[in-house]
A.B. asks: 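One structure is given below, represented as structure tokens, and several questions about it will come after.
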Amino acid sequence: NAGVMQNPRHLVRRRGQEARLRCSPMKGHSHVYWYRQLPEEGLKFMVYLQKENIIDESGMPKERFSAEFPKEGPSILRIQQVVRGDSAAYFCASSPRDSSGNTIYFGEGSWLTVV
Amino acid sequence: ILNVEQSPQSLHVQEGDSTNFTCSFPSSNFYALHWYRWETAKSPEALFVMTLNGDEKKKGRISATLNTKEGYSYLYIKGSQPEDSATYLCAFHQGGSEKLVFGKGTKLTVNP
């Protein structure tokens with residue numbers, strides 16, 4: 001059973017470009033979470049999605065960031081008009097149901113560098 | 001603002017030493033406490049999910065305890081090995097929310 005798959009692992013974008021990060025959850029998992037790690041900081045929650053629904057986006061910046069988890073295909077975290085401060089590691093996690101005492105499995109992360 | 005504190009920030013021990021570190025979290029509205037082991041360039045590996053006050057869990061040489069009333073959890077490693085070198089993260093799960101609030105981790109280095 002493959003783990004949570006993220007791609008690309010490393011992405012370089014110029015300021016103003018768009019970044020798209022993809023996440024395929026573990027097989028059978030319908031709940032996806034995105035976390036961000038800024039330099040010198042811990043992992044910070046961004047958004048929680050179930051298939052076709054955003055359940056909690058309280059950690060998402062108000063502008064330029066969006067996330068989706070379509071019925072078919074991976075979850076996408078999209079950052080428009082990237083700025084240097086968006087440079088970070090973005091981690092996706094998944095669980096088979098809501099996380100009530102259940103393990104949440106993480107991917108290896110996508111490292112975004114904005115130049 | 002929820003605060004999860006881990007101490008120490010980093011730790012160097014010799015192979016064979018036993019060690020432990022602490023995770024402090026809010027004692028109100030507790031739902032679960034997660035421990036992860038994280039090696040550089042890899043995905044955080046789930047170690048334990050702890051939900052009940054007084055919980056003790058064990059996985060090989062690693063064990064953890066939980067005190068929800070006072071808001072702390074200890075992670076113990078018995079007979080540390082170089083392959084235990086990693087950052088150990090704890091994450092607090094508050095009731096009514098799906099988000100985990102992570103500490104900054106304890107970076108363990110085990111010298112051969």
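Below, chains carry the letters A, B, ... as their sequence lines are ordered, and counting in each starts from 1.
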A.B. asks: Please check if atom NZ in K51(A) has more than 12 non-hydrogen atoms from other residues, nucleotides or ligands closer than 6.0 Å.
C.D. replies: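 Yes, because the 6.0 Å sphere around NZ of K51(A) holds more than 12 heavy atoms from other groups.
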A.B. asks: If I measure from the heavy atoms of chain B, does Q37(A) come under 4.5 Å with its side chain, its backbone, both, or neither?
C.D. replies: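 Interface part for Q37(A): side chain.
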A.B. asks: Evaluate whether atom CD of Q81(A) has more than 12 neighbouring non-hydrogen atoms of other residues, nucleotides or ligands under 6.0 angstrom away.
C.D. replies: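 Atom CD in Q81(A) is not crowded, with 12 or fewer foreign heavy atoms closer than 6.0 Å.
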A.B. asks: Is it the case that W34(A) and S75(A) place a side-chain donor and acceptor less than 3.5 Å from each other?
C.D. replies: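 Result is yes, a qualifying pair exists.
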A.B. asks: By a 4.5 Å heavy-atom criterion (distance strictly below it), what part of L89(B) contacts chain A: side chain, backbone, both, or neither?
C.D. replies: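 Contact with chain A: side chain only.
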A.B. asks: Measure Y36(B) against the heavy atoms of chain A and call it side chain, backbone, both or neither at under 4.5 Å.
C.D. replies: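 Contact with chain A: side chain only.
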A.B. asks: Could you point out which residue of R20(A), E108(A), R22(A) forms a side-chain hydrogen bond (donor to acceptor under 3.5 Å, both in side chains) with N7(A)?
C.D. replies: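 It is R22(A); the other options fail the test.
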A.B. asks: With chain A as the partner, which of M50(B), K42(B), Q6(B) has the greatest number of non-hydrogen pairs under 4.5 Å?
C.D. replies: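 Among the listed options, the one with the most contacts to chain A is K42(B).
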